[in-house]
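As structure tokens, the structure follows; a few thoughts come after it.
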Amino acid sequence: MLRRIKLSVATLAMASMILTSAGGTMTLAETTDTTKETVNYDKKAVANVKTNLNIRKSASEDSEVIGKMEQGNMAEVIEKGEYWSKIKSGSVTGYASNDYLVFGSDIESYAEKHVTQTAKVEAETLRVRADAGTDAEIITLADEDDQLKVKSTEKEGWVKVSTSEGKGYVSEDFVEVEYQFGEAKSMKEIEAEEAAKRAAEEAKRKAKEAAKAAQSNASSSSNSSSSSSSSGSSSSGSSSSSGSSSASNSSVLSYASQFVGNPYVYGGSSLTNGCDCSGFVMQVFARYGVSLPHSSSAIRGYGREVSYSEMQPGDVVCYDGHVGIYAGGGQLLSALGEKWGITYNSVNYKQIITIRRMF
């Protein structure tokens, strides 16, 4: 379904170099020859809209809307009609107008202009260079499973990507490049997302009120202690320290929800100015004394695993190349991507690898 770049067996032998570091050795991968796999978009369609494309229960504009596709979302074409087509995307099966769909062989050219591509790193550590060539300056290193936003694939054997250190190039042989088409959402899923957003806004409002009340109480306590003896002041200080609230899933979620709407920045770790998915989770839990790595794959080894049926709001949900915080109601809170920033989406939007509880 996605545009992929595969490894060329002939070049793997000349691909690796070893870098010794204080922690041991890391395999640094690099090569230039590639083998590309042609994608067959037969029986596929992509939404060609600026906002949303309605999926209806039957082939009529008067029919009930049962789901929506965003620009670039992909669907399987079950039956193509003259004016309407029966499609399946995500959990939604229904009808969409052909006027707003791009079919089959036309998808590739449409995707090149309108659909985001990412390059998933498939080496333990991959050099990102300032230009396309093994002699170019190394500007940063990318870790396995990192998702780099693709800027272009015009230079043979190399992919131009965005990183926290700026734009650079990586070898095609050690990344998997794919379009991020996405899928439709049912009206139930959309309504659940909206409900989760409203709940998050309410939680954010209550958190602000609680913070204001705590600040007011602290100010009153400080004014009272200023007229006490030095020993009394010392006692007050000790009480304040021991009175720090212990971390809990609910407090983590309440804190995390206040950053909804803030930007996504690859490699970033600022909850206000921009962060990526692992940076978001890392910084949220850091507030409660939990030290996590800035890596979505590495976070899978922290905390204790719980089952899907045991999942509670505030648990960390790990996917292939992504991580977020369960917000309840079937929703995930995460730094989802540059298009969405920190936002909510379905916790089942892709296969879950593990669920971790940090407290």
Might you point out which heavy atoms bring [X] and [Y] nearest each other, and give the distance in Å?
X	Y	value
V115	G72	CG2-CA, 3.9 Å
Y326	Q331	CD1-O, 3.1 Å
V49	N52	CG2-C, 4.0 Å

Indicate yes or no for a side-chain donor-acceptor contact from [X] to the backbone of [Y] under 3.5 Å, with no hydrogens or angles considered.
X	Y	answer
R56	Y95	no
N48	L101	no
S346	N348	yes
R356	V316	no

Any side-chain donor near an acceptor of the partner, S297 and S295, under 3.5 Å: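 S295 and S297 do have a side-chain donor-acceptor pair below 3.5 Å.
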Just checking, any donor-acceptor pair under 3.5 angstrom between side chains of E112 and S109? no
Could you tell me which residues satisfy salt bridge (Lys or Arg N to Asp or Glu O under 4.0 Å) with E70, sequence neighbours excluded, listed by chain and number?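 Partners of E70 under the salt bridge (Lys or Arg N to Asp or Glu O under 4.0 Å) test: K339.
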Listed by chain and number, what are the ring pair (Phe, Tyr, Trp, His ring centres under 6.0 Å) partners of F285, not counting sequence neighbours? F359
Give me the one residue out of I342, N345, D276 that meets side-chain contact (heavy atoms from CB on, under 4.5 Å) with L336.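 The side-chain contact (heavy atoms from CB on, under 4.5 Å) with L336 is passed solely by N345 among I342, N345, D276.
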Nearest 0.5 Å, what's the NZ-NE2 distance between K350 and H322?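 Output value for this atom pair is 7.5 Å.
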Assess the residue pair K185 and E193 against the criterion (salt bridge (charged side-chain N to carboxylate O under 4.0 Å, His left out)); give the C-alpha distance rounded to whole Å, side-chain angles, the decisive distance to 0.1 Å, and a yes or no. CA-CA 10 Å; K185 295 177 182 177; E193 286 184 8; 2.9 Å; yes
Residues Y169, K155; criterion side chain to side chain contact (heavy atoms under 4.5 Å, CB included); working and verdict: CA-CA 9 Å; Y169 292 82; K155 295 192 176 183; 3.8 Å; yes
Step through it carefully: locate the ring centre of F103, locate the ring centre of Y41, and say whether they are under 6.0 Å apart. no
Salt bridge (charged side-chain N to carboxylate O under 4.0 Å, His left out) between E338 and K149, worked out: CA-CA 9 Å; E338 289 186 0; K149 183 177 180 181; 2.7 Å; yes
Using the side-chain contact (heavy atoms from CB on, under 4.5 Å) criterion, which residues pair with E64? Sequence neighbours excluded. K57, I66
